[in-house]
Amino acid sequence: MSNDASTPSDDITDPATDSSGTAGGGPEGIDGSTGQVVEQVDQVAESIQQDEGPTRGTLRDVADSLGISSAVALRALRGTDDIRPQMATRVREAAERLHFPLEELADEDSHHGVVAVLVNTMRNTWISDLVRAIRIELTATGRSAVVVPTRRRVPEYPVAADTEAIESLVRVGVDGFLMISDLADMDSVLEATGDRPFAGIGCSREFVGRFDTVRIDDEVGQGLLVDHLVGLGHTEIAHVGGVGAEVARERAEGFRKTMERHGLAETARVEPGDFTEQVGHTAGSMLLRGSKVPTAITCANDLTAIGVLSAAREAGYEVPEQLAVAGYGNTSLAASGIAQLTSVDPNSDRLGALAAQFLVDRVSGHEGPARDVAVAPSIVVRRSSSAGPRPAQERRKRISVD
């Protein structure tokens with residue numbers, strides 16, 4: 001995340017301190033009803049192994065048991081010259097004790113140490129935050145990341161995946177693929193990656209079980225925003241989003257559920273919008289020109305919120321005195337002095353690190369069911385939502401002229 005996101009002036013609320021009040025009695029998975037893991041504390045390594053049983057260890061389990069990095073453990077198991085024999089023996093004994101599949105450990109020569117990060121846009125600064133976290137984690141295992149846009153426009157479809165680019169990455173020998181958010185034509189994407197390890201970050205729930213996934217608990221995130229605004233007295237709240245990707249629809253649904261929990265289902269309005277500033281501006285203009293203008297607007301991401309802020313300025317609405325606006329992603333845009341945008345912090349450092357760990361495990365020979373972790377976000381409150389609803393305008397009395 002951007003350093004600006006953690007300045008002392010920001011009010012950060014962590015949902016882990018109140019798991020019952022931020023998402024309508026708790027998000028799916030906390031009670032084990034869905035089988036997903038909702039991360040509240042650093043117990044992921046243990047939690048994600050539930051379905052596989054305790055008998056099969058990962059490379060990270062081996063490293064953690066000895067207090068060393070995964071990179072050192074991997075080199076020790078491969079018998080590289082830079083690892084002392086005593087350390088190599090300890091690592092191998094730990095691997096055998098934890099039932100790490102030594103027979104499936106790939107040779108160093110079979111990998112190039114490069115992971116491809118697939119993105120559908122280069123304009124979203126949230127992706128930059130994730131890539132930074134991914135690179136830090138991969139560096140610890142002696143690997144590097146290359147970021148590849150995999151979105152192309154063709155006449156037959158509005159947006160299509162660039163499978164040729166993905167296939168070329170397979171031919172040059174990348175170790176595996178990390179996908180950020182949803183990509184169009186997912187079946188084609190997975191087919192193009194062949195047998196390379198694959199993991200998703202910040203993607204939709206619909207991909208759970210198909211490959212390793214590390215997601216944002218968007219129901220909790222939207223709950224945090226609506227709870228904050230309702231706490232300020234807002235009841236006429238709208239949401240811009242719901243189109244462009246399954247994640248957008250899930251966030252819109254999280255908004256509706258939280259409004260319903262507060263008894264505000266009838267006033268919950270979703271104005272269609274994607275993750276772009278331009279569409280955010282258009283949607284914001286539509287909301288502000290109607291006969292019933294909301295007093296607060298939440299958005300699918302920070303870029304969309306910037307568009308809404310621009311529309312509010314053009315329509316003559318002061319933020320936050322006359323309109324509260326909130327984004328999603330806690331990017332550098334949100335923390336900028338101009339925007340000062342309230343936003344949901346998805347904990348990008350954790351998302352990127354976990355996804356990178358999952359992929360390294362797969363590259364190193366780990367097999368088993370696809371894993372899923374939903375990381376609980378927090379809210380960073382800034383000036384854009386620091387005021388309650390604007391006073392209701394008095395209607396003019398009609399005067400009869402005889």
Side-chain angles (χ1 to χ4, degrees), residues 1 37 39 41-50 52-117 129-147 172-178 195-199 201 211-212 214 347-368 370-371 373 375:
M1 302 305 300
V37 177
E39 182 192 20
V41 293
D42 289 337
Q43 296 177 338
V44 178
E46 178 181 354
S47 301
I48 60 179
Q49 302 294 333
Q50 292 180 39
E52 303 173 36
T55 60
R56 186 184 179 101
T58 67
L59 178 66
R60 190 161 189 83
D61 293 332
V62 175
D64 289 346
S65 70
L66 298 173
I68 60 177
S69 68
S70 297
V72 172
L74 185 60
R75 293 201 300 274
L77 292 175
R78 286 174 173 160
T80 57
D81 296 337
D82 61 330
I83 302 297
R84 287 182 289 185
Q86 183 178 1
M87 173 60 74
T89 300
R90 290 178 58 199
V91 173
R92 184 163 290 274
E93 289 175 349
E96 292 174 350
R97 183 176 69 255
L98 296 172
H99 302 283
F100 176 79
L102 292 168
E103 69 281 0
E104 298 175 12
L105 188 65
D107 295 331
E108 184 72 39
D109 292 341
S110 66
H111 299 119
H112 293 80
V114 178
V115 169
V117 181
D129 297 333
L130 279 178
V131 170
R132 174 180 172 275
I134 290 167
R135 281 177 167 160
I136 290 173
E137 189 67 25
L138 290 176
T139 298
T141 66
R143 293 178 172 83
S144 58
V146 55
V147 181
V172 300
V174 296
D175 290 351
F177 294 89
L178 285 169
D195 59 352
R196 293 295 195 277
F198 192 94
I201 317 170
F211 44 80
D212 290 336
V214 181
N347 198 348
S348 297
D349 287 345
R350 191 66 175 152
L351 289 167
L354 279 174
Q357 290 172 16
F358 280 178
L359 192 66
V360 169
D361 286 345
R362 296 292 184 185
V363 171
S364 301
H366 174 77
E367 294 182 356
R371 298 164 289 185
V373 172
V375 176

(request) Could you walk me through whether Arg97 and Val62 pass side-chain contact (heavy atoms from CB on, under 4.5 Å), step by step? (result) CA-CA 9 Å; Arg97 183 176 69 255; Val62 175; over 6 Å; no

(request) Quick one: do Arg143 and Val363 satisfy side-chain contact (heavy atoms from CB on, under 4.5 Å)? Show the steps, please. (result) CA-CA 11 Å; Arg143 293 178 172 83; Val363 171; 3.5 Å; yes

(message) Evaluate Ile68 against Val91 for side-chain contact (heavy atoms from CB on, under 4.5 Å), listing each step before the verdict.
(response) CA-CA 9 Å; Ile68 60 177; Val91 173; 3.8 Å; yes

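The two residues Pro197 and Asp175 come nearest to each other via the heavy atoms CD-O, 3.2 Å. Scanning all heavy atoms of the two residues, the minimum distance from Val117 to Ala145 falls at CG2-CB, 4.0 Å. Of all heavy-atom pairs between Ala94 and Leu66, the closest is CB-CD1, 4.0 Å. Residues Ala199 and Ala355 come closest through the heavy atom pair CB-O, 4.3 Å. Contact detail for Arg92 and Leu77: the closest heavy-atom pair is NH2-O, 3.1 Å. Scanning both residues, Gly173 and Arg196, for their nearest heavy atoms gives CA-NH2, 3.8 Å.
Note that CD of Gln357 is 10.0 Å distant from CG of Leu138, once rounded to the nearest 0.5 Å. Remark: Ile134 CD1 to Leu351 CG distance equals 9.5 Å, nearest 0.5 Å. One distance of note links CZ of Arg362 with CZ of Arg371; it measures 4.5 Å at 0.5 Å rounding. Distance check: Asn347 CG to Asp349 CG gives 6.5 Å after rounding to the nearest 0.5 Å.
Here the options are Val174, Leu359, Val146, the test is side-chain contact (heavy atoms from CB on, under 4.5 Å), and the partner is Val115; only Leu359 passes.
The aromatic rings of Phe211 and Phe198 stand perpendicular to each other, their planes meeting at an angle above 60°, with 30° marking the opposite boundary.
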